[in-house]
Amino acid sequence: GEDVEQSLFLSVREGDSSVINCTYTDSSSTYLYWYKQEPGAGLQLLTYIFSNMDMKQDQRLTVLLNKKDKHLSLRIADTQTGDSAIYFCAESMAGGGNKLTFGTGTQLKVEL
Amino acid sequence: KAGVTQTPRYLIKTRGQQVTLSCSPISGHRSVSWYQQTPGQGLQFLFEYFSETQRNKGNFPGRFSGRQFSNSRSEMNVSTLELGDSALYLCASSSGGGASEQYFGPGTRLTVT
């Protein structure tokens with residue numbers, strides 16, 4: 001079945017690294033995504049990883065995928081106050097077209 | 001390239017009424033998906049249209065329907081509105097037929113009173 005879980009809150013100091021975690025249950029995932037949502041806004045695609053990859057790096061963002069444990073993480077280096085937002089992981093499934101199953105979202109708060 | 005646009009941005013309706021929301025995907029994109037976002041249920045998939053055909057459908061009642069036009073613009077309709085339909089409705093645009101990069105619009109905030 002489809003179930004994607006995330007911790008609800010994360011607080012970090014500006015300049016530190018943030019790590020947001022996500023677990024999923026469906027082993028037929030094809031792509032796994034990270035989206036960012038700021039208050040009153042839609043979802044901004046940050047990055048995504050194909051399910052046969054272990055890692056993807058994109059500037060300050062590093063995605064790690066442990067397919068055996070069905071665990072996905074997003075690391076944000078040198079976290080800034082502008083990174084404060086809700087972060088959603090999402091998965092797509094083989095044969096599911098573009099349907100995404102989203103996690104509950106992690107609210108990241110960056111403190112000075 | 002212009003992003004995904006949704007109209008209207010805000011809408012207030014009364015119980016029992018119906019509503020139509022519109023989504024214009026990124027130029028060249030043929031897939032449009034719709035999602036409902038509420039504080040209690042989070043982000044839930046409504047349906048996906050690809051080349052004017054509904055390809056996937058989520059677990060929503062038949063009051064929720066949609067369509068896609070030949071220019072890839074999509075509309076979703078909710079009939080007989082209920083208070084619980086108050087939500088942010090998001091559409092996502094994608095170029096491909098399979099899972100690929102999906103870009104979201106700003107959403108339509110629907111309030112049912």
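Within every chain, numbering begins at 1; the chains are lettered A, B, ... in the order of the sequence lines, protein sequences first and strands thereafter.
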Donor-acceptor pairs under 3.5 Å, side chain of residues 16-23 of chain A to any protein atom, not counting sequence neighbours: which ones?
from, atom 1, to, atom 2, distance (Å)
S17(A), OG, R75(A), NH2, 3.0
S18(A), OG, T79(A), OG1, 2.7
N21(A), OD1, H71(A), NE2, 3.3

Quiz prompt | side-chain contact (heavy atoms from CB on, under 4.5 Å) partners of T53(B), counting only residues at least two apart | solution = none

Quiz prompt | Common cluster, W34(B)/L90(B), ILVMFWY with side-chain heavy-atom separation under 4.5 Å | solution = no

Self-check item: R60(A) atom CZ, over 12 foreign heavy atoms within 6.0 Å
Solution: yes

Quiz item: Checking heavy atoms, do the side chain of R9(B), its backbone, both or neither come under 4.5 Å from chain A?
Solution: side chain

Without placing hydrogens or testing angles, list every side-chain donor-acceptor pair under 3.5 Å for residues 103-112 of chain A, not counting sequence neighbours.
from, atom 1, to, atom 2, distance (Å)
T104(A), OG1, Q6(A), O, 3.4
T106(A), OG1, Q6(A), NE2, 3.1
T106(A), OG1, S7(A), O, 2.6
E111(A), OE1, S11(A), OG, 3.4

Quiz item: Roughly how far apart are L88(B) CG and Q37(A) CD, rounded to 0.5 Å?
Solution: 6.5 Å

Quiz item: More than 12 foreign heavy atoms under 6.0 Å from CG of N59(B): is that the case here?
Solution: no

Quiz item: Can you check whether Q102(B)'s main-chain N or O pairs, donor with acceptor, with Y33(A)'s side chain at less than 3.5 Å?
Solution: no

Quiz item: Going hydrophobic residue to hydrophobic residue with side-chain gaps under 4.5 angstrom, can you get from V112(B) over to L11(B)?
Solution: yes

Practice problem: Output the residues of residues 38-55 of chain A for which the shortest heavy-atom distance to chain B is under 4.5 Å, in residue-number order; output 'none' if no such residue exists. | Solution: G40(A), A41(A), G42(A), L43(A), L45(A), Y48(A)

Quiz prompt | Within one Ile-Leu-Val-Met-Phe-Trp-Tyr cluster: F64(B) and Y49(B), side-chain cutoff 4.5 Å | solution = yes

Quiz item: Using non-hydrogen atoms only, which part of Q37(B) is less than 4.5 Å away from chain A: side chain, backbone, both, or neither?
Solution: side chain

Quiz item: So what's closer than 4.5 Å to chain A heavy atoms on L43(B): side chain, backbone, both or neither?
Solution: both

Quiz item: Is there a donor in the side chain of N98(A) and an acceptor in the side chain of S33(B), or the other way round, less than 3.5 Å apart?
Solution: no

Quiz item: In terms of heavy-atom proximity below 4.5 Å to chain A, should F47(B) be classed as side chain, backbone, both, or neither?
Solution: neither

Quiz prompt | L61(A), CG: over 12 other non-hydrogen atoms inside 6.0 angstrom | solution = yes

